[in-house]
There are 2 protein chains.
Amino acid sequence: MLEKVLVAEDHQNSSKAVTKIIEELAIPLCHYVYYCDDAFTRLKNELNSGRPYDLLVTDISFIEDHRTQQLKSGVELIIAAREIQPQLKVIIFSGEDRTAKIQSYFKDLKVDGYVQKGRTDAIELEKAVEAVAKGQVYMPPGIREKINPSHSHQFTNYDVTVLSLLAEGKKLQEIPDLLVKLNISPSGKSSMEKRLNHIKTVLDFNKNEQLIAFCKDMGII
Amino acid sequence: MLEKVLVAEDHQNSSKAVTKIIEELAIPLCHYVYYCDDAFTRLKNELNSGRPYDLLVTDISFIEDHRTQQLKSGVELIIAAREIQPQLKVIIFSGEDRTAKIQSYFKDLKVDGYVQKGRTDAIELEKAVEAVAKGQVYMPPGIREKINPSHSHQFTNYDVTVLSLLAEGKKLQEIPDLLVKLNISPSGKSSMEKRLNHIKTVLDFNKNEQLIAFCKDMGII
DNA sequence: TAAAATTATACGGAAAACCGTAACAGCTAA
DNA sequence: TTAGCTGTTACGGTTTTCCGTATAATTTTA
């Protein structure tokens, strides 16, 4: 059972509402903070004093203000927190709606839940907390299907690098040199072309412009 | 002075907070609704009964749910509202951070204020309401400068059309035909190329991919 | 360890995009 | 009216991309 929860959320309105939901779920202790650094300090202190938090509920984007922060986003906070307390449960509470981003939170950050801010966030957050309390992973409705539809392509690191270079205005023929310098393989022009062609075939695209637009929409680059 | 305010916001958390701020500004009457259609009905009814609202505070994106709506976004709501009550003051309260979008709200919708959801939204919303009460226009800090930096280009309808076609994977050489069908001028390939070149020169880009990426980031297409 | 399969790269012709030049139309002002 | 300006379009040469094929390198498999 979850007994001690920390909420990191800079959105004045949301944080109180989140806390209220947590309290209604009969969780004894719930604190909230506005800054990532404060969150990390708390996690560390409570861990050291032998009474660690069970769950972290955090936003992703924290608007910058006068206070300079070490940790500038929820992603950095999660990574830092998991370093000192690997078994900490994490639920992300964010407005992000780009599938690729959400997917990467589960895949790369191994978070336990994701709730998208919106009309039904209160209900969903409740479900997410309950699921996580049972040791389950909570995904928003529809995401599981979107993550692997038939016409889809798993973008690798290599793909992202090449596409980013393209989006920066690099010519196809100068990219091989850049890849060599970055120590990325395969670096040959043909291999790169082949890869790009493969992606475009799978997604049924015919031009690089279209692919770039798609990646921007999905948040891949 | 503002005496009667309507808040349209589907975000359970925010709407109450917004209402609270409005009430603290000593505005006698403040109602809130979760759906665009409800907002429009209220505006219409109160207008007909001779006690119209002075100010509408609305979000842009309303998440869809089981209730089918005529008006699906804040933009549609604002247009519909201004049709029946042209002098209605409008403040947008949204998470949108893409400069081009915010710019178009002021330019095309002629809204009186924009407040971005974030850490300081409560303070900003207060300022915005006060400014609008005095008949002023409230823009978020920094936007005025971003709207017209030296290396900037005012994208026209024509530009957006051509760039959208490009982003859809259309070949440069098939676009002239499409433009003719859409009855858009100039439709010649040369004119189009010239225009694209001009944009790329101004923005210091060298490839269409780069331009598409930029437009996606700015929310232009 | 050799054969087979997969992956990386090189090459070259075809297609498309890029870019400068020039012709043409419409408009303005002396 | 005519010279000048602006905007549209056509044309053609150069560069870049696209794409199929062939060869080389690497990994897998028997």
Side-chain angles (χ1 to χ4, degrees), chain A residues 151-218 220-221, chain B residues 151-218 220-221:
Chain A
H151 284 300
S152 106
H153 170 75
Q154 272 295 103
F155 285 83
T156 65
N157 253 356
Y158 175 80
D159 299 338
V160 173
T161 308
V162 172
L163 288 166
S164 301
L165 290 171
L166 262 184
E168 282 166 25
K170 300 288 186 295
K171 287 178 196 160
L172 276 189
Q173 40 187 21
E174 53 188 357
I175 294 185
D177 288 346
L178 295 169
L179 290 178
V180 171
K181 275 179 198 147
L182 290 170
N183 216 13
I184 289 172
S185 148
S187 63
K189 182 156 168 281
S190 297
S191 309
M192 204 180 58
E193 290 180 328
K194 194 174 182 178
R195 182 72 184 161
L196 286 174
N197 272 332
H198 169 249
I199 299 174
K200 281 185 280 187
T201 306
V202 171
L203 295 173
D204 195 27
F205 290 165
N206 34 81
K207 301 227 325 161
N208 285 338
E209 282 92 334
Q210 197 176 7
L211 183 51
I212 296 288
F214 172 79
C215 290
K216 280 289 178 190
D217 282 338
M218 293 289 287
I220 291 165
I221 57 173
Chain B
H151 283 299
S152 104
H153 170 77
Q154 272 293 105
F155 285 82
T156 66
N157 253 357
Y158 176 79
D159 299 337
V160 173
T161 308
V162 172
L163 288 165
S164 300
L165 289 171
L166 263 184
E168 283 167 23
K170 299 288 187 295
K171 288 179 195 158
L172 275 189
Q173 39 186 23
E174 53 187 358
I175 294 185
D177 287 346
L178 295 170
L179 290 178
V180 171
K181 274 179 199 149
L182 290 169
N183 216 12
I184 290 172
S185 145
S187 64
K189 184 158 166 281
S190 297
S191 308
M192 205 179 58
E193 289 180 329
K194 193 174 183 179
R195 182 72 183 162
L196 287 174
N197 271 332
H198 169 249
I199 300 175
K200 280 185 279 186
T201 306
V202 171
L203 296 174
D204 196 27
F205 291 165
N206 34 84
K207 300 228 323 162
N208 285 339
E209 282 91 334
Q210 194 176 7
L211 183 52
I212 296 289
F214 171 81
C215 291
K216 279 289 178 189
D217 282 339
M218 295 289 286
I220 292 166
I221 58 174

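Order of the sequence lines sets the chain letters (A, B, ...), proteins ahead of strands, with each chain counted from 1.
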To the side chain of A:Ser191, which of C:dC18, C:dA8, D:dC19 is closest?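 Minimum distance to the A:Ser191 side chain belongs to C:dA8.
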Taking the minimum atom-to-atom distance to the side chain of B:Pro186, which one of D:dT8, C:dA17, C:dA8 wins?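 Among D:dT8, C:dA17, C:dA8, the one nearest the side chain of B:Pro186 is D:dT8.
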Is there side-chain contact between [X] and [Y], with heavy atoms separated by less than 4.5 Å?
X: B:Lys200; Y: B:Asn206; answer: no
X: B:Leu166; Y: B:Leu196; answer: yes
X: A:Ser185; Y: A:Tyr158; answer: no
X: B:Leu163; Y: A:Glu209; answer: no

Using nucleotides 13-15 of chain D, report all nitrogen or oxygen pairs with the protein that are shorter than 3.5 Å.
none

If you look at every heavy atom in A:Pro176 and A:Gly188, which pair is closest and at what distance?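 Taking every non-hydrogen atom into account, CG-C, 4.4 Å.
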Provide, to the nearest angstrom, the distance between the [atom1] atom belonging to [X] and the [atom2] atom belonging to [N].
X: A:Leu196; N: C:dA8; atom1: CG; atom2: P; answer: 13 Å
X: B:Ile175; N: C:dC18; atom1: CD1; atom2: C1'; answer: 15 Å
X: A:Met192; N: D:dC18; atom1: CE; atom2: C1'; answer: 12 Å
X: A:Ile184; N: C:dT9; atom1: CD1; atom2: C1'; answer: 18 Å
X: A:Asn197; N: D:dG20; atom1: CG; atom2: C1'; answer: 11 Å
X: B:Glu193; N: D:dC11; atom1: CD; atom2: P; answer: 14 Å
X: A:Glu209; N: D:dC18; atom1: CD; atom2: C1'; answer: 13 Å
X: B:Lys194; N: D:dT8; atom1: NZ; atom2: P; answer: 8 Å

Can you tell me how far CD1 of B:Ile199 sits from CG of B:Leu211, rounded to the nearest 0.5 angstrom?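 Going from the CG atom of B:Leu211 to the CD1 atom of B:Ile199 covers 6.0 Å.
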How far does CD of B:Gln210 sit from NZ of A:Lys170, to the nearest 0.5 angstrom?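 It is 7.5 Å, given to the nearest 0.5 Å.
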OP1 or OP2 of D:dT17 sitting under 4.0 Å from any side-chain N/O of B:Lys207?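 For B:Lys207, the contact criterion (side-chain N or O under 4.0 Å from OP1 or OP2 of D:dT17) is met.
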Does a side-chain N or O from B:Asn208 land closer than 4.0 Å to OP1 or OP2 of C:dC18, or not?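 Result: yes.
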Please work out if A:Ser185 contacts a base, only the sugar-phosphate, or nothing of the nucleic acid, heavy-atom cut-off 4.0 Å.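 Here A:Ser185 touches no strand at all.
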Please evaluate the base of C:dA8 for a donor-acceptor partner in the side chain of A:Ser190 within a cut-off of under 3.5 Å?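 A donor-acceptor contact between them is absent.
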